[in-house]
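Atoms within a ligand are numbered from 1 in the order they appear, just like the ligands themselves.
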Amino acid sequence: MSNADGPREDRHPRSAELYERACRVIPGGVSSPVRAFRAVGGTPLFIARALGAQVFDADGRSYLDFVGSWGPLIAGHAHPAVIAALTEALTRGTTYGAPCAAEVELAERVVASYPAAEQVRFVSSGTEAVMSAIRVARAFTGCDVIVKFAGCYHGHADHLLVAAGSGLATFGRPSSAGVPEAFTALTRVLPLDDEAAVAALFAREGARIAAVIIEPVPANHGLLPQRPEFLATLRRLTSQHGALLIFDEVISGFRLGRGGAAELTGITPDLVTFGKVIGGGMPVGAFGAARKIMARLAPDGDTYQAGTLSGNPVAMTAGLATLDLLVRESGWQRLEARGAELERLLRPVLAQAPFPLHLVRVGSLFWISFHEAGAPRTAATLTERESVRYAALFHGMLDRGIYLPPSAYEACFLSLAHSTTDLTRFAQALRAALAAIA
Ligand SMILES: *Cc1c(COP(=O)(O)O)cnc(C)c1O
């Protein structure tokens, strides 16, 4: 197959040259590690422009994009309504370091959409949103222990870069160099899908737990939709012990519906974090909760939290334009229909694959699981053989003009810009790429 045609650099000379320059001045040549293609091999493509469902690389090749900048671009790249709103906003200046109307409007939209958030504060990334939510949860409860789940990603704050420890204690160990053990000593890591483990932890340490944080639809280790009973158990145990339940909706918020995963699952958290879609492609995060919790934040309360570019009018405008478009164009219904259509097209292709593949889909999020044993509900690791297969498929799809995430553990994203023609093209390319691997 084309994978063996020779060094990819030959076919992407501009990307190869940019990558070489990048590696001299940027560690690994990238601003975020997954972009480096390490899990699939080859040279990362440098993107020169993007429109709708397509990205165009520096060598002028176009690809149908199923990464969507990892989630924000629910309307597709450079949607005219978003670009028009941004262009107009830019003429009025980019940031004031003072309040502006756009942040009030976006906050009003969020509060109206997400009942658990009576108030919301804006930051500039999902990482910051989670950091701040945890700080306010600790301030509000007066407790210090945080519980997270293996396979859920909550950004790169020190106390969340934690791997499950061995044994009963579930004490987290730092999962990155540069994170002292003392910084993760208050973080506990549990497996997903395991009510008994959560109950045991609460029985042991319930009085110390400030918050349980989870992606209600975990989408950072493949896509691992949880059983409703599991989320219900988290809700019940946190309430019983006076701990807060934090839904990290940085991916799911405003993607799986107006009310995010809370609406989808019918479970209401105490605190919520947003990112990605809420910024419409600009750097925005947010966290929200009931007024009595948010009142702990400075300047009203004693919990410090701040940001130079937080709530800037340009970023707020991109978020507003995106949310307005989703409402105006029945975006969530359309995305669900598009997802269902993709599922119909892919099922027969996957059924005929030369090795076991499983499609997992929630709305406009989907994941082709390469786990031979079936799609997992916990953070299962792929075998070497399964990882090699993904790398082959990734490159086979790239050669056919389809841009998938450069890691088998990343979910794919649909946008309003993906047409029926695009989805058909995807299914046909998948069939051909799988046949070539066989
Ligand atoms: C992307 C992500 C984050 C981190 O957001 P950044 O904007 O990359 O800092 C946090 N939580 C979840 C669930 C995410 O998907």
Can you list the ligand 1 atoms lying under 4.0 Å from a non-hydrogen atom of Glu215? 13 (C)

Flag the pair Arg227 and Asp194 as a salt bridge only when some basic side-chain nitrogen lies within less than 4.0 angstrom of an acidic carboxylate oxygen. no

Got the closest protein heavy atom to atom 3 (C) of ligand 1, with its distance? Val250 CG1, 3.8 Å

Cys100 backbone acceptor or donor facing Glu103 side chain under 3.5 Å: yes

So the atoms of ligand 1 within less than 4.0 Å of a heavy atom of Gly126 turn out to be 4 (C), 5 (O), 6 (P), 7 (O), 9 (O)

Any idea which atoms of ligand 1 are less than 4.0 Å away from a heavy-atom of Asp248? 10 (C), 11 (N), 12 (C), 13 (C)

Just which atoms of ligand 1 are under 4.0 Å from any heavy atom in Asn220? 12 (C), 13 (C), 14 (C), 15 (O)

Taking only heavy atoms of Ile251 into account, list the atoms of ligand 1 that are under 4.0 Å away from them. 15 (O)

Carboxylate-amine/guanidinium contact Arg208 Asp144, below 4.0 Å: yes

Nearest-neighbour protein heavy atom for atom 9 (O) of ligand 1, which is reported as residue plus atom name and distance: Thr127 OG1, 2.6 Å

In plain terms, say whether Glu329 and Arg334 are close enough for a salt bridge, that is, a side-chain N and a carboxylate O under 4.0 Å apart. yes

Mark yes or no: Arg361 above the aromatic ring of Phe366, with NZ or CZ under 6.0 Å from the six-membered ring centre and no more than 45 degrees from the axis. no

Going through the distances and angles, do Tyr409 and Tyr390 end up as a ring pair (Phe, Tyr, Trp, His ring centres under 6.0 Å)? CA-CA 10 Å; Tyr409 295 106; Tyr390 185 79; 9.0 Å; no

Contacts table for residues 73-81: side-chain donor-acceptor under 3.5 angstrom, sequence neighbours left out:
| from | atom 1 | to | atom 2 | distance (Å) |
| --- | --- | --- | --- | --- |
| His77 | NE2 | Asp65 | OD2 | 2.7 |
| His79 | ND1 | Ala81 | N | 3.0 |

Counting from 1 in the order shown, the ligand 1 atoms closer than 4.0 Å to a non-hydrogen atom of Lys276 are 1 (C), 2 (C), 3 (C), 14 (C), 15 (O)

Residue Ser125 vicinity, atoms of ligand 1 by number, heavy atom under 4.0 Å: 7 (O), 9 (O)

